[in-house]
Structures are given as structure tokens and as C-alpha cells.
Amino acid sequence: MYRERATEPLLAARTGPGTGPEAGARTVPGAEPGTESGERGGYTGGFGRWDRLAGVRNRPQRPFTEPGSLYFPPELHPVALHPLVTAGGPERVEWLLLRRLHDYLDFTTQLEALAVIPVVTAISRGRSGLRLPEAMRADAFKIVTDEAWHAQVSYDFARQVARATGVPAERPDGGGPPAFTERLDVIRDRLPDEIRGVEALLFAIVSETLISGILAEIPRDERLPGSLREHVRDHAEDEGRHHVYFRAVLRHLWAALTPAERGAVGPQVPAAIQAFLAPDLARAAEDLRALGLPERSVEQVLAESWPEEKAVRDIAGAARSLVRYFGEAGALDDPATRDSFESAGLLYSET
């Protein structure tokens, strides 16, 4: 089992996995020997000054030192602003936002450990199933280090917040697996057997290009504790480099897929975007029940906090750059893929 795991690529190679790094890895069909999949020019990464810029190298872990009454932007967790919640007093709002902060920190730890580190580890080992430039493999090692640090400091920061506020970081039932894991299982089941595994690459691309935009808002919110804003800012600076890297991975991946494979994978991209950006309604409902709201009120708060039209619009706005990247890669040239993006509301135009 371990020998098979050591040689198995994320994306199955057309000629079999082989035994050496990148044996049988996919390249652009018809590419000349020596050219890299997805682009003929050399890879230009953003890690040349990694030793001087990376958080793990230059910024110590931020201690949580400023307990207050606002721990997460309420606009990003609208259940906290619902009249049925605010009617119970500011303590309810504070508790809900503390729970949302803990969920955010836990999501970061789980995302890095379950979705990103396994993919960049495979890339660094030459087991992604793609033939990538040597510089991309080298930079993948740096991303592994970055992401392990992000997971560690998020875990530690949550423990500090729990000690300072008395609100535990863990949920009573342990929290269970993050919502994105179940959503990814659904995507995997929709894919042909011969390309299962591509969903891991796809979700890493989606999460690493979208997270930098999400992280940009919190450091600018002066209502929040300064130590929290610094913690998120450190993460955001690293993720800016990862964004550029995974945009390059997308170009390589799409160019290496056959037309039939693109037709199978492309329509699943919106689901991968939603897997990352859609709110975790189950956890929000659990918190509302913990406040004592009856089930009917819980359903009302959820429905009115995330009306379908607004949720679709918010996801489309957050994913606008990523949708453009898929368009640049040629994904939207496939009619089924374009229909899937349109049905998900990802191609809307603001007027």
C-alpha cells in the first residue's frame, strides 16, 4: 500500500504512473520535447525572496492580547445581524461572532492540512500527474512550509482566543469534517474513473486563488482586535504568492487535459467554487440552536441571512478573477462548461 501511495500521481497519467518522478506525467498534446505543459515560456514564480518575505521565516506567531466585543466582521456572518438574534442582546451577537472566528481558524487549519498540503506535496515530489517546470516543484516545497505554518498558527491562535474569552475553540461534537470535504466527494463521484483525483488539483487551484481575496477584508477592519488583524495580514501576504503560483498550475492542468476530459471537468468547476465559498449552514444552524432559538426561527434566520439570489451574487463577485482565469485557459470554450458557469450565476455582468 505504501509503495503504491509513493508512486501514484494525483491525476492519472495516460501511459501509467511509471516508477520515477513525473514518469508518464501529462504534457500538452503535440508539444515539442522539453516544453512544459500548459505554457512554452519559462515559469516565473514569486518565491525568489521567500526567505525574506515568508511569514514562517520573518514574522513570529501573533499573541492574542486584546479581548473585545467584536471578533469577526458581522457583515461576513449576517446571522449575527438578524433581528431575531440582536433582540437577545449584544452578548448573543458577541458569542456568534466568536464562534464564527473559531470556525474561520479551524477552516484554515483543516483546509491547509486536507486540501492544500497534500496537493503541493505531490507537486514537489513530481507526483501531480503533470509535467511541471523544475522551478514549480522547488516552489511547491516552500508552499508546503508556508501552509503548515498557517495551520499551526491558526490552531494556536484559536487556543489563545479560547483561553482569553472562555469560549472553547472546539464544538461540542468535535465539529466533524469541514463542509468542503463532503462537497468534494460529490464532485469526485461525478467524474469518470480515469480522471478521479483531478478534483484535488482543481480544489487546490480554486481555494488558493480565492482565499487571498477573502483575507484582504479582515486586516482593514479597525473594529477588530489588532492581533487578529495582524494574524490574518501575515497569512494574506503569503497567500498572494500562492495565488500567482496556482494560477500557473491552472494553465498547466487545462492544457494537459484532452478535450473529452475538459468536457468532464469543466462543468464541475462551479461546484468546486461553491464548495469553497458557500456558507456552512449546518454550523450556523447549530450555533443558533445553542442560543435557544426554536427550529422555525433558525430556518427563518438562515433563509433571510443568505437569500439565494444574494448568495449567488456574492459567490460570483468573489470568484470574478478566478472565472477570468478559467476563461483565459480556454475552459469556457466548451459549451457544457459555459452552461454550467452560467447556471451557477458566475458569468453575470454588473450594469
Side-chain angles (χ1 to χ4, degrees), residues 9-15 24-31 36-39 115 119 122 128-132 179-211 213 243 246-279 308-351:
L10 278 176
L11 176 61
R14 296 192 187 94
T15 57
R26 292 162 176 251
T27 57
V28 182
E36 305 296 353
S37 85
E39 56 183 334
V119 169
S128 66
L130 302 172
R131 192 176 300 280
L132 300 173
F180 70 78
T181 57
E182 182 177 351
R183 296 165 182 171
L184 282 177
D185 283 339
V186 172
I187 295 172
R188 179 180 175 86
D189 289 343
R190 293 172 180 166
L191 293 170
D193 289 345
E194 60 269 20
I195 56 171
R196 286 187 176 177
V198 73
E199 77 282 346
L201 276 164
L202 185 65
F203 189 66
I205 291 166
V206 166
S207 62
E208 290 296 282
T209 51
L210 290 177
I211 196 169
H243 179 119
F246 275 93
R247 184 180 180 181
V249 173
L250 170 59
R251 293 196 299 269
H252 284 273
L253 170 62
W254 217 257
L257 296 174
T258 67
E261 289 167 343
R262 293 174 196 165
V265 176
Q268 304 308 318
V269 173
I273 293 172
Q274 292 162 350
F276 182 73
L277 291 177
E308 183 176 356
E309 183 178 341
K310 181 179 184 300
V312 169
R313 188 170 63 249
D314 288 348
I315 289 174
R320 187 176 293 109
S321 293
L322 178 59
V323 171
R324 186 175 75 252
Y325 301 159
F326 274 97
E328 292 169 353
L332 299 180
D333 295 343
D334 173 69
T337 298
R338 189 172 188 88
D339 287 347
S340 179
F341 273 69
E342 287 181 343
S343 296
L346 293 171
L347 299 183
Y348 87 102
S349 57
E350 294 181 334
T351 57

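Throughout, numbering of the chain's residues begins at 1 and tracks the sequence. These numbers come from a predicted model, not from an experiment. Excluded from the calculations below are hydrogen atoms, water molecules and symmetry mates; all remaining heavy atoms, backbone and side chain alike, are included.
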Worksheet item: Can you name the closest pair of heavy atoms from Leu346 and Pro270 and give their distance?
Response: CD1-CB, 3.7 Å
Practice prompt. For side chain to side chain contact (heavy atoms under 4.5 Å, CB included), just list the numbers for Val265 and Trp254, CA-CA rounded to whole Å, side-chain angles, deciding distance to a tenth of an Å, and then say yes or no.
Written response: CA-CA 9 Å; Val265 176; Trp254 217 257; 3.9 Å; yes
Item to complete: Would you please name every residue forming a side chain to side chain contact (heavy atoms under 4.5 Å, CB included) with Ser343, sequence neighbours left out?
Response: none
Fill in: Residues in salt bridge (Lys or Arg N to Asp or Glu O under 4.0 Å) contact with Glu199, at least two apart in sequence or another chain
Arg188
Please tabulate, one pair per line, all N/O donor-acceptor pairs under 3.5 Å involving side-chain atoms of residues 322-332, not counting sequence neighbours.
residue : atom : partner : partner atom : Å
Tyr325  : OH   : His243  : NE2          : 2.8
Glu328  : OE1  : Arg247  : NH2          : 2.8

Worksheet, complete the sentence: Ala115 and Ala204 have their tightest heavy-atom pair at O-CB, 4.1 Å
Practice prompt. Tell me, please, which residues at least two apart from Glu342 pass side chain to side chain contact (heavy atoms under 4.5 Å, CB included).
Written response: Arg338, Asp339, Leu347
Discussion item. Once rounded to the nearest 0.5 Å, what's the spacing between atom CG of Asp314 and atom CD of Glu309?
Written reply: 10.5 Å
Discussion item. In the structure I gave you, are the side-chain heavy atoms of Leu253 and Val198 within less than 4.5 Å of one another anywhere?
Written reply: yes
Worksheet item: Where do Val119 and Ala200 come nearest, in terms of heavy atoms and distance?
Response: CG2-O, 3.5 Å
Worksheet, complete the sentence: Interatomic distance, CZ@Arg262 vs CD1@Ile195, rounded to 0.5 Å, equals 12.0 Å
Response to the item:
side-chain hydrogen bond (donor to acceptor under 3.5 Å, both in side chains) filter on Gln274, not counting sequence neighbours, yields none
Worksheet entry | Residues in salt bridge (Lys or Arg N to Asp or Glu O under 4.0 Å) contact with Arg196, at least two apart in sequence or another chain | Asp193
Worksheet entry | Residues that Thr337 engages under side-chain hydrogen bond (donor to acceptor under 3.5 Å, both in side chains), provided they are two or more places apart | Asp334
Worksheet entry | Over all atoms of both residues, closest heavy-atom pair of Leu201 and Ser128 | CD1-O, 3.8 Å
Practice prompt. Please identify each residue that fulfils ring pair (Phe, Tyr, Trp, His ring centres under 6.0 Å) with Phe203, with sequence neighbours left out.
Written response: Phe180
Worksheet item: Which heavy atom of Glu261 sits nearest a heavy atom of Leu257, and at what distance?
Response: OE1-CA, 3.4 Å
Response to the item:
CD of Gln268 to CG of Leu202, rounded to nearest 0.5 Å, is 9.0 Å
Worksheet item: Where is the tightest heavy-atom contact between Gly266 and Phe341, given as atom of each residue plus distance?
Response: O-CE1, 3.9 Å
Worksheet item: Is there a donor-acceptor contact under 3.5 Å from the side chain of Thr209 to the main chain of Ile205?
Response: yes
Worksheet, complete the sentence: Taken in chain and number order and not counting sequence neighbours, the residues that satisfy side chain to side chain contact (heavy atoms under 4.5 Å, CB included) with Pro335 are none
Practice prompt. Can you sort out the partners of Leu277 under side chain to side chain contact (heavy atoms under 4.5 Å, CB included), two or more places apart, ordered by chain and number?
Written response: Leu210, Ile214, Ile273, Ile315, Ala318, Ala319
Practice prompt. Just jot down the ring pair (Phe, Tyr, Trp, His ring centres under 6.0 Å) partners of Phe276, sequence neighbours excluded, or say none.
Written response: Phe107
